Amino acid sequence: MAESTTTPTNNNNHSAGGGGGGESVKLFVGQVPKHMTEVELITMFKEFSLVDEVNIIKDKTTRTSRGCCFLICPSREEADKAVNACHNKRTLPGASSPLQVKYADGELERLEHKLFVGMLPKNVSDAEVSALFSKYGNIKDLQILRGSQQTSKGCAFLKYETKEQALSALEAINGKHKMEGSSVPLVVKWADTEKERQARRAQKAQSQASGVPNTDPTQQPSLFGALPMGHLPLYNGYGYQAPGTYGLMQYPLPHMQNQPGFHNMVPPVNRGNAVRGLSPDLAPGLGTRSFSPANYIRPGYPSIPGLQYPMSYPGGMINQGSHNSSHATSPTANNNLAASSNVSTSSGIQTEGPPGANLFIYHIPQEFGDPELANAFQTFGRVLSAKVFVDKATGISKCFGFVSYDSPVAAQSAINVMNGYQLGGKKLKVQLKRDNKQNKLY
DNA sequence: TCATATT
């Protein structure tokens with residue numbers, strides 16, 4: 001019943017000339033050829049919408065493009081124009097599939113202007129909360145969290161129409177306003193994004209796993225869940241996130257192998273076992289071998305522990321010899337395989353082989369990384385690249401991947417020998433990679 | 001189950 005606030009019908013406030021009233025929007029863009037510059041991208045996107053900025057996303061260490069970028073548009077309308085004109089609609093020269101243009105992670109949530117309200121009285125009504133917060137803007141959504149018996153959990157989420165409204169409510173109420181019948185002031189902060197909740201969950205799980213006696217978050221369960229860091233001194237430092245920042249205090253990502261590029265952390269034992277399973281039956285395949293000169297075991301270089309091929313197994317270099325492995329051996333190095341095969345992609349483009357030379361492989365053993373995959377398929381020809389897909393979040397193998405050769409003949413002989421080959425409990429499925437990049441031109 | 005990547 002508090003509908004008498006501003007009407008949203010006429011809010012073209014993003015065009016505030018020079019005043020900067022509008023809210024810019026960040027888009028994520030995928031399938032961007034690595035060689036393109038920010039200027040080139042700006043020029044291209046300006047054809048479809050207003051553009052404030054383009055940031056190419058680069059690899060932290062090599063500083064090379066990761067094949068994607070952020071695109072900052074001055075308003076949601078402009079962002080939508082870019083999305084509608086480009087997403088899945090245009091393929092940049094050199095890309096294998098069309099542009100992916102979407103709101104960046106957390107962006108949609110941020111645009112909801114959603115606040116968390118804590119320390120509400122247990123018996124509070126929607127109308128009371130609504131009445132209070134309506135003073136600062138148009139409430140688009142209000143949700144008081146309630147438990148089993150209708151009883152309030154003491155907190156709520158609410159969305160405003162604009163960031164300014166939310167911000168002014170936050171500043172006016174947080175830590176200052178006491179609701180009727182309550183002895184403590186309300187807590188108002190920006191609601192967490194999904195990502196922040198995930199991070200918190202991970203952190204919580206981590207701390208519980210590490211033997212912390214899990215003291216009593218039960219006094220303020222819902223509040224606890226929404227606050228920046230687990231336990232907080234109750235009225236002390238309820239700072240809210242500075243406007244315009246995306247939140248997230250640093251959560252020390254405790255996880256194991258979140259490092260892209262270091263998937264070789266499998267314990268040597270597993271590695272040995274996994275590979276060992278490959279040896280006996282592979283012999284027939286090796287019988288038809290056609291070793292290229294580049295495939296040989298480097299003298300003095302340790303081959304895979306547990307691998308015993310009838311003749312010298314052509315483990316070793318992949319990909320026209322990248323410069324790695326100048327070090328001979330370190331006794332503790334558990335990455336024997338890895339060092340011998342730093343599979344492409346680092347050298348930039350061209351991870352795909354010619355048509356018919358690229359394999360899709362399913363049921364790859366869990367513990368296989370790129371190097372192990374490369375090794376297993378190396379006897380059939382020159383491997384240009386080998387990639388096992390891993391879950392973005394956990395770093396766990398998804399058990400499928402690709403191997404690319406420089407010739408279709410190699411790929412075919414790999415299929416002949418390896419398809420159906422029992423490896424680590426399951427049979428490999430080896431087939432030609434689907435090609436969605438073909439007969440487009442004639 | 002087919003190269004997808006969020007500074």
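In what follows, chains are A, B, ... by sequence order, proteins preceding strands, each numbered from 1. Please read all numbers here as calculations on a predicted model, not as lab measurements.
When only modelled atom types and interatomic distance are considered, A/S404 and A/N358 share a side-chain donor-acceptor pair under 3.5 Å.
The side chain of A/E352 lies closest to B/dA3 when the candidates are B/dT6, B/dT4, B/dA3. The side chain of A/K26 sits closest to B/dT7 out of B/dT1, B/dT4, B/dT7.
Atom pair A/K433:NZ and B/dC2:P shows a separation of 11 Å (rounding to whole Å applied). B/dT7 atom C1' lies 6 Å from atom CZ of A/F70, rounded to whole Å. Rounded to whole Å, the distance from CD on A/E38 to P on B/dT7 is 15 Å. Look at NZ on A/K60: it is 12 Å from C1' on B/dA5, rounded to the nearest Å. Between the NZ atom of A/K387 and the P atom of B/dC2 there is a distance of 15 Å, rounded to whole Å. Rounding to whole angstrom units, CD1 of residue A/I57 and P of B/dT4 are separated by 14 Å. Regarding A/N358, its CG atom lies at a distance of 10 Å from the C1' atom of B/dA3, rounded to whole Å. At whole-Å resolution of the value, CZ in A/R434 and P in B/dT4 are 13 Å apart.
Taking only side-chain nitrogens and oxygens, A/Q31 comes nearer than 4.0 Å to OP1 or OP2 of B/dT4.
Here A/F402 lies parallel enough and close enough to stack on the base of B/dA3, with planes under 30° and ring centres under 5.5 Å apart.
Both A/A104 and A/F389 lie close to DNA chain B; mapped to their nearest nucleotides by heavy-atom distance, the more 5′-ward contact belongs to A/F389. With the nearest nucleotide of DNA chain B identified for both A/K102 and A/K398, A/K398 has the one nearer the 5' end.
Taking the C1' atom of each, B/dT6 and B/dC2 are spaced 22 Å apart, rounded to whole Å.
In this pair, A/F28 and A/F70 present their aromatic rings perpendicular. The plane angle is above 60°, beyond the 30 to 60° band. By the 30° and 60° cut-offs, the orientation of the rings of A/F389 relative to A/F402 is perpendicular.
With A/Q31 contributing its side chain and A/P98 its backbone, the two residues share no donor-acceptor pair below 3.5 Å.
When A/V29, A/L41, A/V32 are each tested for a side-chain contact (heavy atoms from CB on, under 4.5 Å) with A/I56, only one passes: A/L41.
Applying the 3.5 Å distance criterion, the base of B/dA3 shares no donor-acceptor pair with the side chain of A/S96.
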